[in-house]
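In this chain, residues are counted from 1 in sequence order.
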Amino acid sequence: MFGRNKDKTQGQPSTRGSVKAPSQEPSKLVKAPARDDVKTSPKVAKETKSKKTTQPKGRPTPSRKEQQAARRQPLVPEDRKAAKEEERKIARENRAREQRALQTGDERYLPLRDRGPQRRFIRDFVDARYNVGDFVLIALVAVFFVTLFVARYQLIATAIMWIIILLWVLDTWYVWRKIKKRLIAKFGEVEPGSGMYTMNRVLMIRRLRLPKPQVKRGQYPA
């Protein structure tokens, strides 16, 4: 009895602890999608289209190294003497052009501090009137010599000097108030430094002003 069971167990394969072998069916091959079915992004499609439509330029595109070499200029010129002479020549021409502009009032070649319609308006307004500043320097020089050589009039001369300075300050303040109102009414705003520019113009004697006055007395700007 026990022998028969033993024979049966020996004839059957043992399944304990064994792994089932995979089936021997042929694997299904996945078909790759056709090229026409692949969806490309709009950016890639646009770049591809632009590459296809780009026309040949007839010459090779220069490399970055060649472009940098073309833009690069030597820091030290080959002929230093000729370069310095050329710089001096250009500087002389610029100075001569600027001096002519200071005499004629040509806006193109005036110094930066004198350019612009507001600066021109201030100059014309100051030059069109009689200012206390036209006589301040002359009066101060006269008072100085009086105090230097005549000691007994020193106190009086000093008082006169301070009176002249006070009149000049008041006159400058009055002129600046009028100019400021006119500038705001005409241009809508006042450029920085206009007050100091007015004061320097008022203080200077008319003949020594630069740029030279371009208007006569009483010919105020519109």
Side-chain angles (χ1 to χ4, degrees), residues 83-222:
K84 289 183 178 180
E85 185 63 28
E86 185 67 20
E87 290 179 359
R88 294 193 192 98
K89 182 180 178 181
I90 295 174
R92 285 195 300 268
E93 292 177 355
N94 292 336
R95 285 195 299 268
R97 193 183 298 115
E98 184 176 302
Q99 289 298 323
R100 289 194 299 269
L102 291 174
Q103 299 295 327
T104 61
D106 191 349
E107 290 281 345
R108 296 174 299 172
Y109 306 113
L110 285 175
L112 291 177
R113 67 177 183 274
D114 299 314
R115 294 181 188 176
Q118 292 199 27
R119 293 291 193 262
R120 179 63 180 267
F121 185 91
I122 293 173
R123 293 196 301 270
D124 292 346
F125 194 94
V126 173
D127 297 337
R129 68 188 299 269
Y130 288 94
N131 305 288
V132 177
D134 296 343
F135 315 100
V136 166
L137 292 179
I138 299 174
L140 291 179
V141 171
V143 169
F144 173 76
F145 279 105
V146 169
T147 57
L148 188 62
F149 295 105
V150 185
R152 58 180 180 176
Y153 295 124
Q154 184 174 4
L155 185 60
I156 299 175
T158 303
I160 293 174
M161 180 183 67
W162 283 109
I163 291 173
I164 293 172
I165 293 175
L166 180 61
L167 290 175
W168 170 74
V169 171
L170 292 175
D171 183 64
T172 304
W173 174 78
Y174 174 74
V175 173
W176 169 237
R177 283 194 60 188
K178 295 185 69 174
I179 290 177
K180 186 176 180 180
K181 290 181 180 179
R182 297 283 295 274
L183 289 175
I184 294 175
K186 186 172 183 178
F187 301 101
E189 61 179 1
V190 179
E191 292 181 354
S194 297
M196 185 63 65
Y197 190 80
T198 302
M199 184 184 69
N200 293 333
R201 191 76 178 178
V202 171
L203 177 62
M204 188 60 61
I205 300 174
R206 182 182 174 88
R207 291 185 178 181
L208 301 180
R209 291 172 187 164
L210 290 175
K212 288 289 185 180
Q214 303 298 316
V215 296
K216 297 180 180 180
R217 302 268 190 189
Q219 189 179 354
Y220 291 93

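Counted within 6.0 Å of NZ on Lys212, heavy atoms from surrounding residues, nucleotides or ligands total more than 12; the atom is thus considered enclosed. For Leu208, the CG atom is densely surrounded, since the number of other residues' heavy atoms within 6.0 Å is greater than 12. Taking a 6.0 Å sphere around CZ of Phe144, one finds it holds 12 or fewer heavy atoms contributed by other residues, nucleotides or ligands. Within 6.0 Å of the CZ atom in Phe187, the count of heavy atoms belonging to other residues, nucleotides or ligands exceeds 12.
Note that CD1 of Ile179 is 10.0 Å distant from CG of Asp124, once rounded to the nearest 0.5 Å. Here Gln103 contributes atom CD and Gln99 contributes atom CD; the two are 7.0 Å apart, rounded to the nearest 0.5 Å. We find the OG1-CH2 distance between Thr172 and Trp168 to be 5.0 Å, quoted to the nearest 0.5 Å. We find the CZ-OG1 distance between Phe125 and Thr198 to be 9.5 Å, quoted to the nearest 0.5 Å. Note: Tyr197 OH to Arg119 CZ = 6.5 Å, rounded to the nearest 0.5 Å. Summarising the geometry, atom CD belonging to Gln154 is positioned 9.5 Å from atom CG belonging to Leu148; distances are rounded to the nearest 0.5 Å.
Not one N or O on the side chain of Arg182 forms a donor-acceptor pair closer than 3.5 Å with the backbone of Phe121.
What you find for Val143 and Thr158 is that their closest heavy atoms are CG1-N, 4.5 Å. Of all the heavy atoms in Ala157 and Thr147, the pair that sits closest is CB-CG2, 3.2 Å.
The residues Arg115 and Glu191 are annotated as not salt-bridged, no charged nitrogen and carboxylate oxygen being separated by less than 4.0 angstrom. A salt bridge does not link Glu98 to Arg95: none of the charged nitrogens lies less than 4.0 Å from a carboxylate oxygen.
Between Asp114 and the options Glu107, Arg123, Arg120, a side chain to side chain contact (heavy atoms under 4.5 Å, CB included) holds for only Arg123.
Among pairs with a residue in residues 125-143, those fulfilling side chain to side chain donor-acceptor pair (under 3.5 Å) read Asp127-Arg201, Asp127-Arg209, Arg129-Asn131, Arg129-Asp171, Asp134-Arg209, Asp134-Arg217, at least two apart in sequence or across chains.
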Practice prompt. Verify side chain to side chain contact (heavy atoms under 4.5 Å, CB included) between Ile122 and Leu183, making sure each step is shown before the conclusion.
Written response: CA-CA 9 Å; Ile122 293 173; Leu183 289 175; 4.2 Å; yes
Pair Met161-Leu140, side chain to side chain contact (heavy atoms under 4.5 Å, CB included): steps then yes or no: CA-CA 6 Å; Met161 180 183 67; Leu140 291 179; 3.3 Å; yes
